[in-house]
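Down below is the structure, laid out as structure tokens.
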Amino acid sequence: MVRTRFAPSPTGYLHLGGLRTALYTYLFAKKNGGRFILRIEDTDQEREVEGAVELIYKSLRQAGLLYDEGPDVGGEYGPYIQTQRKDLYLPYALRLVESGAAYPCFCTKEQLAQRREAAEAEMQGQWKYDKHCLHLPKEEALRRMQSGEPCVIRQNVPLTGTASFEDALYGHVEAPCDTLDDNVLIKADGLPTYNFANVIDDHLMGITHVMRGTEYLSSTPKYNLLYQAFGWETPTYIHLSPVMKDASRKLSKRYGDPSFEDLLAQGYVRDAIINFIALLGWSPGDEREFFSLPELVEAFDLKGLSKAPAIFNTEKLVWFNHEYISRMPLDQYVEMATPWFDKALAGKPMDYRFLSTLMHTRTEVFDRVPDMVRFLAELPEYDIDIYTHKKMKTDPEVSLNALRLARPALAQLPDFAEETVKECLMDLAAQNELKTGQVMWPVRIAISGQASTPGGATEIAYLLGQAETLRRMDLGIQKLEAAQA
RNA sequence: GGCUCCAUGGUCAAGCGGUUAAGACGUCGCCCUCUCAAGGCGAAAUCAGGGGUUCGAUUCCCCUUGGAGCUGCCA
């Protein structure tokens, strides 16, 4: 039975790189009929951010990545929060001390800093812990530990040989032991470090496949030494390349890069984000590019994972979002767009459903909607230059003429349905031997004040209503007359 | 500095010894059109460099270059 886990530390928002790791981890489990587990790695109490755990739960649910086991859903392997498991790590560490794979260390941080400084001044090489406390007599070490003297437990990495592991993506990875440091396994506060907790918990929770970022790639050989010391079978490792902001920077919340929550708030739709992120570092191997979450589960395969970092490209996300919005039913669009319409049109009665038919295929991201429709609430200031359009064969003079013709025609319409307005203006053009555009363009400019608008003159006229349309046309006529004089 | 890893257009990427080196986003044309979108058609644009191996390298090996990660009582 495949068991995978997503193991974030609660230090803030779920960023997009984390979301992608969670997604792949979820997909792999589901694809193989396995279980997806959430574990919170909060052993660094200092970095923990208030509310971050809840945010992780929330984001994962919003993303549709439902975990089978986790802190807030339970499971047979709990607890799923490391600080709630704090007492079970030490006995394992002691087992390693017993076998010689680890040892207690009483060096203080200050002592270490001193020795490090001294060592680095001499040789240009990097400081490694000097195994000072490894050579303490066992009885003395034991006595000092029992007396309550603060200490840590360090991994005893061999001085010679190599450590290695097999990665499902990167293949054989090995490192010379003499370049590896004796990492702290149990901190002075009694809590394990990531280095240790991840090994213990993955084993105890029966994790079969570990998917995590490549930042762990170079330390994994060392973790394998731990597995060997315990005589445990290692999980299958699948390290995932990072998501980058640009060629040399990782995506990071700190730098103002959006989190999953941010994107949702900006008006990106959930499925578009998931779809896009899935394809950042993974390819189905064929030319499909639209995937629902269940379709991703079906299509997911380790073979499609990329080893190279992928740059997060907002333009493609925007495109995906636009596609997803265009494909959603109109009813759903109306529902999602309404708060954004309200933002620009609050107070003005408006046929939102009709407006939605215009905006539906023109919306890239919802937060761009208010600016696109604001002209409906209030006629913007505009320059009469925009009455001039070469292709439409219009200029201020033609426009003034068209508006003078159109104004009374529209004024006497008994109803102001879009179709009616259109018929009226088309007839008007034909009767006066004008090109359609020579009427439509000036009218649209007069009633919108913008060179480009979602929808055409007749649609905007309908949305505005007869009175407001006529009012704006009068304003246009005045403006053009003033310019002519 | 040491160690580990990575390298196909601007971006995501297919390719797994012989291809006209897919596809998508973006860009640029043209068409359609009452503007803008959408849609249709088309174009430009990639194997980082140098050595090998091979009849033949984008593909395998080495070096160089570039980039990333690790080198914490952070994860």
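Below, chain A is the first sequence line, B the second, and so on; all start at residue 1. Below, each value reflects all heavy atoms present in this structure, side chains not excepted, and no hydrogens, waters or symmetry copies.
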Could you pull out the protein-nucleic contacts involving nucleotides 65-68 of chain B (nitrogen or oxygen on both sides, under 3.5 Å)?
residue, atom, partner, partner atom, Å
B:G67, O2', A:A247, O, 3.4
B:A68, OP1, A:S248, O, 3.2

> A:Y268 OH to B:C25 C1': how many Å, rounded?
Replying inline: 13 Å
> Are any of the side-chain nitrogens in A:E110 or A:R115 under 4.0 Å away from the carboxylate oxygens of its partner?
Replying inline: no
>> Once you apply a heavy-atom cut-off of 4.0 Å, does A:P176 come out as touching a base, just sugar-phosphate, or nothing?
In response: sugar-phosphate
> Using atom C1' of each nucleotide, how far apart are B:C25 and B:U46 to the nearest Å?
Replying inline: 15 Å
>> Which nucleotide wins on minimum distance to the side chain of A:Y170, given the candidates B:C6, B:A75, B:C3?
In response: B:C6
>> Between B:U64 and B:U71, how many Å separate the two P atoms, rounded to a whole number?
In response: 25 Å
>> I'd like to check the side chain to side chain donor-acceptor pair (under 3.5 Å) partners of A:D286; sequence neighbours left out, ordered by chain and number.
In response: A:R288
> With a 4.0 Å cut-off on heavy atoms, is A:E174 in touch with a base, just the backbone sugar-phosphate, or nothing at all?
Replying inline: sugar-phosphate
> How would you list, by chain and number, every residue that makes a ring-ring contact (aromatic ring centres under 6.0 Å, His included) with A:H322, sequence neighbours excluded?
Replying inline: none
> Given B:A75, is OP1 or OP2 found less than 4.0 Å from the side-chain N or O atoms of A:T43?
Replying inline: yes
> Whole Å only: how far is the CD1 atom of A:I311 from the P atom of B:A24?
Replying inline: 21 Å
>> Rounded to whole Å, how long is the line connecting atom CD of A:E364 with atom C1' of B:A37?
In response: 9 Å
> In whole angstrom, what separates A:Y194's OH from B:C70's C1'?
Replying inline: 13 Å
> Sequence neighbours excluded, which residues qualify as side-chain contact (heavy atoms from CB on, under 4.5 Å) partners of A:Q450?
Replying inline: A:F375, A:P380, A:S448, A:T453
>> Quick check for you: among B:C25, B:C3, B:C73, whose closest atom lies nearest to any side-chain atom of A:N313?
In response: B:C25
>> Taking the nucleotide of RNA chain B with the nearest heavy atom to each, does A:T108 or A:L305 sit closer to the 5' end?
In response: A:L305
> What is the base-pairing partner of B:A75, counting Watson-Crick and G-U wobble geometry with both distances under 3.5 Å?
Replying inline: none
>> Check for me whether A:K479 meets the cation-pi criterion with A:Y382, that is, NZ or CZ under 6.0 Å from the six-membered ring centre and within 45 degrees of the ring axis.
In response: yes
>> For A:F6, does the six-membered ring have the charged nitrogen or CZ of A:R39 within the cation-pi criterion, i.e. under 6.0 angstrom from the centroid and within 45° of the normal?
In response: no
> If we call it a pair only when both distances are under 3.5 Å in a Watson-Crick or G-U wobble match, what pairs with B:G42?
Replying inline: B:C28
>> If the condition is salt bridge (charged side-chain N to carboxylate O under 4.0 Å, His left out), which residues does A:D182 pass it with, not counting sequence neighbours?
In response: A:K131
>> Keeping A:R20 on the side-chain end and A:L280 on the backbone end, is there a donor-acceptor pair under 3.5 Å?
In response: yes
>> Need to verify one output field. Residue with the more 5' nearest nucleotide on RNA chain B, A:G281 or A:E41?
In response: A:G281
> Which nucleotide in the list B:G72, B:C73, B:A13 gets nearest to the side chain of A:D181?
Replying inline: B:G72
>> In whole Å, I'd like the distance from the CG atom of A:D44 to the C1' atom of B:C73.
In response: 9 Å
>> Counting only side-chain heavy atoms from C-beta out, which of B:C6, B:A38, B:A75 sits nearest to A:K307?
In response: B:C6
> Over how many whole Å does the gap from A:L112 atom CG to B:U71 atom P extend?
Replying inline: 16 Å
> Looking at residues at least two apart in the chain, or sitting in another chain, which of them share a side-chain contact (heavy atoms from CB on, under 4.5 Å) with A:A272?
Replying inline: A:V269, A:F320, A:N321, A:Y324
> Got a sec, which residues hit side chain to side chain donor-acceptor pair (under 3.5 Å) with A:T458, two or more places apart in sequence or on another chain?
Replying inline: A:E418
> Nearest to the side chain of A:A188 - B:C73, B:A37, B:C25?
Replying inline: B:C73
> What's the OH-C1' distance between A:Y216 and B:C3, to the nearest Å?
Replying inline: 18 Å
>> Applying the Watson-Crick and G-U wobble criteria at under 3.5 Å, what pairs with B:C5? Answer none if nothing qualifies.
In response: B:G67
>> Do A:T83 and A:D42 pair up side chain to side chain, a donor and an acceptor below 3.5 Å, judged on atom types alone?
In response: yes
> Which residues pass the ring-ring contact (aromatic ring centres under 6.0 Å, His included) test with A:Y194, sequence neighbours left out?
Replying inline: A:Y216
> Taking the same atom, C1', in B:G18 and in B:G10, what whole-Å distance lies between them?
Replying inline: 30 Å
>> In whole Å, measure the gap between the P atoms of B:G9 and B:U58 for me.
In response: 15 Å
>> Just to be sure I understand the rule, does A:V173 reach a base, reach only the sugar-phosphate, or reach nothing, if contact means heavy atoms closer than 4.0 Å?
In response: sugar-phosphate
> What is the nucleic acid contact for A:A308, judged by heavy atoms within less than 4.0 Å: base, sugar-phosphate only, or nothing?
Replying inline: sugar-phosphate
> Do A:Y223 and A:N195 have side-chain N/O donor and acceptor atoms under 3.5 Å apart?
Replying inline: yes
> How would you list, by chain and number, every residue that makes a ring-ring contact (aromatic ring centres under 6.0 Å, His included) with A:Y24, sequence neighbours excluded?
Replying inline: A:F300
>> With rounding to the closest Å, how many angstrom separate the P atoms on B:U33 and B:G26?
In response: 24 Å
>> Counting the atoms with a prime plus P, OP1 and OP2 as sugar-phosphate, which does A:S218 contact under 4.0 Å by heavy atoms, base, sugar-phosphate, or nothing?
In response: base
Distances under 3.5 Å between protein N/O atoms and the N/O atoms of nucleotides 33-35 of chain B, please, pair by pair.
residue, atom, partner, partner atom, Å
B:U33, O4, A:K391, NZ, 2.8
B:C34, O2, A:A457, N, 3.0
B:C34, N4, A:T458, OG1, 3.1
B:U35, O4', A:R444, NH2, 3.4
B:U35, O2', A:A451, O, 3.0
B:U35, O2, A:R444, NH1, 3.2
B:U35, O2, A:T453, N, 2.8
B:U35, O2, A:T453, O, 3.1
B:U35, O2, A:T453, OG1, 3.4
B:U35, N3, A:T453, O, 2.8
B:U35, N3, A:G455, O, 2.8
B:U35, O4, A:G455, N, 3.2
B:U35, O4, A:G455, O, 2.5
B:U35, O4, A:G456, N, 2.9

> If we take the C1' atom in both B:G66 and B:U19, what is their distance in whole Å?
Replying inline: 29 Å
>> Whole angstroms only, please: what is the NZ-P distance between A:K187 and B:C73?
In response: 10 Å
Give each protein N/O atom lying under 3.5 Å from an N/O atom of nucleotides 20-23 of chain B, with the pair distance.
residue, atom, partner, partner atom, Å
B:G23, O4', A:E287, OE2, 3.3

> How would you label the contact of A:K109 with the nucleic acid (heavy atoms, under 4.0 Å): base, sugar-phosphate, or nothing?
Replying inline: base
> Expressed in whole Å, how much space separates the P atoms belonging to B:A75 and B:A24?
Replying inline: 45 Å
>> Any base atoms under 4.0 Å from A:C177, or only sugar-phosphate, or nothing? Heavy atoms, all strands.
In response: nothing
>> Restricting to ring-ring contact (aromatic ring centres under 6.0 Å, His included), what partner residues turn up for A:Y227, sequence neighbours left out?
In response: none
